[in-house]
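Below, read A as the first sequence line, B as the second, and so on, with proteins coming before strands; counting in each chain starts at 1. What you see is a predicted model, and the numbers here were worked out from it, not measured in a lab. Just so it is clear, the values below take in all heavy atoms, side chains as well, and ignore hydrogens, waters and symmetry mates.
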Amino acid sequence: MEDDFDQTLDSNYGSSHDKVIVHLDADCFYAQVEMLKNPELRTLPLGVQQKNLLVTCNYVARQFGVKKCMLVSDAKRLCPSLILVKGEDLYDYRQMSTKMTLLLQKFSPLVEKLGLDENFVDVTQLVAETLKSDFAGSRNVEGHIYGDITSRCDCGCYERLCVGSQIASEMRKQLKEELGVTCCAGVAYNKLLAKLVCSTHKPNQQTTLFPAGVSDLMLNLNNVRSLPGIGHRTSEILQSLGISSIEQLQNINLELLEHALGRTLAERLKKLSVGADDMVVKPTGKPQSIGLEDGFRKISLESEVKDKCEVLLQRLMILLAEDGRIPGAIRVTVRKYDNSSRYSHRESRQCNIPSSLFLPKVGTLSSNAHNKLLTSIMKLFHKIIDISKPFHLTLLGVAFTKFQERNTGKGSITSFLVKDISVQSVMNFQNISLHGVEAMECSSSKNAGKQSGSTLNYADKSGSESEPEPSPKKTRADFWRGSRKRSLTESDKDSPNKHRSSELRLSTGEPINEVDFSKLSDGIQEELMESCMSLPSLTDKLGISDNSTPNTSMSIEDNFQTNASQKLWKRLGSNQGPQDQ
DNA sequence: CTGGGTTCGT
DNA sequence: ACGAACC
Ligand SMILES: Nc1ccn([C@H]2C[C@H](O)[C@@H](COP(=O)(O)OP(=O)(O)OP(=O)(O)O)O2)c(=O)n1
Ligand SMILES: [Mn+2]
């Protein structure tokens, strides 16, 4: 008891072994999603292109020496047969990202996203429950072990990390089977080490790090730049101090480092350099900002600015409607043409916006509020740019921030859906395939948007009546390796809307069937319609894609080869055929 | 020939 | 409002 207390207070600089952290990182993420959309690309060298930058490529292409974030021209020189797919529109990547995080949240609520394809999961509790309920279970490490384990720590971390590796393996199995996504995983006792060890075996592999391997892992990093937390700027400063290796960073005098970097950063980096990290896995909630930007050669007329911003705003309103919250502020970002300096000098201005613009009125928002927002945007623009002089922009961005939850009626299913994270994709109402409802205004029309035409599936039968109550004897620890079952959490139970919405849950589970809209209860049908109509700017969604440069062709034709992974992709909510290259 | 985001700290 | 970090 007292020992535990001391241990907690000591906080051993983030080097205690009491946690089990899994870090998951999808393989060549954008490229993988593109291959899921069009499996014919699987065997070919594939690159995903944003303007002139090749942002990532599949592992076939990597054999040619093609690298991430490379100029397209350089990549083509290395690999003339490289197939290119446009990737400026992140919609599909974002959607897959959401599904991955939802799947991982079945293992622990402590899931933190980093970008679109990485997740940290703190599985300490699941590991503890598993060890408790299954103390004689196998202690095999799944996947690779980093370095040697000749000396075993006696704090119990060996067993914990073993179970962690088994959980990681199950996570990857489910990601592959349910979403078609392959990824790497790293298992360690803190975030830094989980992330670093994750990347030691790629692709589609996992690695577990025990305390005995920590020193090797750190010293095998090639450059100080490989330490998460040391970016472009900091590594340059370190370079000017003659520090380029991890070992040099470990050994440099702390006072000297503080002088160059400030105390907080210096102390943090010192600890990181020996693998100590006390950062906690912070559950990722809804985003703090939702924005879009577009880069270009030159814009020098106010009218062009307005046009660009209007397009950005239209696309933004779709993302906003799907998010379901009301923004309290809007921000405009600009990049001025700057000779000599490749470095983006960006300037931004933001202002508050009245929430009255987002009142749940049906048709009114579209033109009226839209115009007011555009006016605000232009006002902000004029705060940055003096129109009376010539100007030359190379980027425009618009973002919403300061979100507030939408307050629809208390018991309304709308307000409930907005809150329920597992149902948020449903807020994209065009995702519902409305069998038995003919051409509802919000679903049909052009049906050409990227976010249209997806299918809504059941997943969670156990959420409603059919599943027996979990027996108190059975701990949650068994769910991930024994029979797969999901039970309602406590907070699920006290809300009647939760039960109603289980009818509408987006699939991440096995029994995949399309929802037949006409089979939903009448009350829910009506409320869904109302919810649909009360969403801001819903009518704007019609025929408008979150797609600046369309990168897919919409073939309604469904007779082409049906490869398993493509079926999976389609089943999971795409309506897109393969691309015509 | 340099994406399109998001978060955090100051 | 901006720089720095991450993907
Ligand atoms: N500067 C960057 C870095 C990444 N990404 C995008 C493209 C990647 O597909 C995705 C994930 O980034 P990763 O660094 O994890 O790279 P990949 O997943 O593509 O490849 P890997 O297999 O090495 O993880 O984020 C980006 O747009 N800009
Ligand atoms: Mn990745």
Visitor: Consider the side chain of L90(A), meaning its heavy atoms from C-beta on, and name the nucleotide among dA1(C), dC6(C), dG4(B) that approaches it most closely.
Guide: dG4(B)
Visitor: Just N and O in the side chain of K51(A): are any of them under 4.0 Å from OP1 or OP2 of dG4(B)?
Guide: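 It does, given that an N or O in the side chain of K51(A) lies less than 4.0 Å from OP1 or OP2 of dG4(B).
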Visitor: Within the pair R94(A) and dG5(B), is there a side-chain N or O less than 4.0 Å away from OP1 or OP2?
Guide: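 So the side-chain polar atoms of R94(A) do come within 4.0 Å of the phosphate oxygens OP1 or OP2 of dG5(B), strictly under.
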Visitor: Nearest to the side chain of V55(A), heavy atoms from C-beta on, is which of dC6(C), dG3(B), dT2(B)?
Guide: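 Closest of the options to the side chain of V55(A): dG3(B).
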Visitor: Taking the C1' atom of each, how far is dG3(B) from dC6(C), in whole Å?
Guide: 14 Å
Visitor: Quickly work out the F400(A) CZ to dG5(B) P distance and round it to whole Å.
Guide: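 Answer to the nearest Å: 14 Å.
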Visitor: Between dG3(B), dC7(C), dT6(B), which one does the side chain of D117(A) approach most closely?
Guide: dC7(C)
Visitor: Report which part of the nucleic acid G397(A) touches: base, sugar-phosphate, or nothing (heavy-atom distance under 4.0 Å, all strands).
Guide: nothing
Visitor: Whole angstrom is fine here: how far is it from CG in L24(A) over to C1' in dC7(C)?
Guide: 15 Å
Visitor: In whole angstrom, give the distance that lies between atom NZ of K298(A) and atom P of dT2(B).
Guide: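 Roughly 16 Å, once rounded to whole Å.
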Visitor: Counting any heavy atom closer than 4.0 Å, what does L312(A) reach on the DNA or RNA strands: base, sugar-phosphate only, or nothing?
Guide: nothing
Visitor: With a 4.0 Å cut-off, would you call R263(A) and E267(A) a salt bridge?
Guide: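 Yes, this pair counts.
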Visitor: Expressed as a whole number of angstroms, how long is the span from K191(A):NZ to dC6(C):P?
Guide: 13 Å
Visitor: Classify the nucleic acid contact of S73(A) as base, sugar-phosphate or nothing, counting any heavy atom under 4.0 Å across all strands shown.
Guide: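 Base contact.
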Visitor: Does CG belonging to N251(A) count more than 12 external heavy atoms closer than 6.0 Å?
Guide: yes
Visitor: Within the pair K195(A) and dC7(C), is there a side-chain N or O less than 4.0 Å away from OP1 or OP2?
Guide: yes
Visitor: Does OP1 or OP2 of dG5(B) have a side-chain N or O of S289(A) closer than 4.0 Å?
Guide: no
Visitor: Given dC2(C), dC6(C), dT2(B), identify the nucleotide with an atom nearest to the side chain of E347(A).
Guide: dC2(C)
Visitor: Have a look at L53(A) and say if it touches a base, only the backbone sugar-phosphate, or nothing, with a 4.0 Å heavy-atom cut-off.
Guide: base
Visitor: Grab the NE2-P distance between H232(A) and dC7(C) for me, whole Å please.
Guide: 16 Å
Visitor: When you measure from the side chain of T234(A), which nucleotide among dA5(C), dG3(B), dC6(C) comes out closest?
Guide: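 Of all the options, the side chain of T234(A) is nearest to dA5(C).
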Visitor: Using a heavy-atom cut-off of under 4.0 Å over every strand shown, decide if Q49(A) touches base, sugar-phosphate, or nothing.
Guide: nothing
Visitor: Just wondering, more than 12 heavy atoms not from H259(A) lying within 6.0 Å of its NE2?
Guide: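 Atom NE2 in H259(A) is not packed in, count stays at 12 or less.
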Visitor: Report the residue (R335(A) or E293(A)) whose heavy-atom-nearest nucleotide on DNA chain B is the more 5′ of the two.
Guide: R335(A)
Visitor: Of the listed nucleotides (dA1(C), dC7(C), dG5(B)), which one gets closest to any side-chain atom of L292(A)?
Guide: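 Minimum distance to the L292(A) side chain belongs to dG5(B).
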Visitor: Looking at every heavy atom in both M171(A) and L103(A), which two are closest together, and how far apart are they?
Guide: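 Taking every non-hydrogen atom into account, O-CD2, 4.4 Å.
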Visitor: With a non-hydrogen cut-off below 4.0 angstrom, is R225(A) in contact with a base, only sugar-phosphate, or nothing?
Guide: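 Sugar-phosphate, no base atom in range.
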Visitor: Name the nucleic acid region contacted by R263(A), choosing base, sugar-phosphate or nothing; use a 4.0 angstrom heavy-atom cut-off, strictly under.
Guide: nothing
Visitor: Here's a test of your reading of the structure: between F296(A) and T264(A), which maps to the more 5' nucleotide of DNA chain B?
Guide: F296(A)
Visitor: Does K270(A) have any salt bridge (Lys or Arg N to Asp or Glu O under 4.0 Å) partners at least two apart in sequence or in another chain, and if so, which?
Guide: none
Visitor: May I ask you to say what K282(A) touches in the nucleic acid, namely base, sugar-phosphate or nothing, with a heavy-atom cut-off under 4.0 Å?
Guide: sugar-phosphate
Visitor: Would R62(A) count as a cation-pi partner of Y59(A), with NZ or CZ less than 6.0 Å from the six-membered ring centre and within 45° of the ring normal?
Guide: yes
Visitor: Can you measure I230(A) atom CD1 to dA5(C) atom P for me and round it to whole angstrom units?
Guide: 9 Å
Visitor: Counting C-beta onward and ignoring hydrogens, is there a side-chain heavy-atom pair between L41(A) and I83(A) closer than 4.5 Å?
Guide: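 Result yes, sub-4.5 Å side-chain heavy-atom pair found.
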Visitor: Just how far, in rounded Å, is P of dG3(B) from OH of Y30(A)?
Guide: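 Those two atoms, OH and P, are 14 Å apart.
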Visitor: Base, sugar-phosphate or nothing for K76(A)? Non-hydrogen atoms, less than 4.0 Å.
Guide: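 The residue K76(A) makes no contact with any strand.
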Visitor: Between atom CZ in R268(A) and atom P in dA5(C), what is the gap in whole Å?
Guide: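 Checked: the CZ to P distance equals 10 Å.
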Visitor: With sugar-phosphate meaning primed atoms plus P, OP1 and OP2, does R349(A) contact a base, only sugar-phosphate, or nothing at under 4.0 Å between heavy atoms?
Guide: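 R349(A): backbone/sugar contact only, no base atoms under 4.0 Å.
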Visitor: With respect to the side chain of R297(A), which nucleotide from dG4(B), dT2(B), dA5(C) is positioned closest?
Guide: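 Closest nucleotide among those given: dT2(B).
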Visitor: From C-beta outward on E118(A), which listed nucleotide comes closest to its side chain: dC7(C), dG3(C), dA1(C)?
Guide: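 That would be dC7(C).
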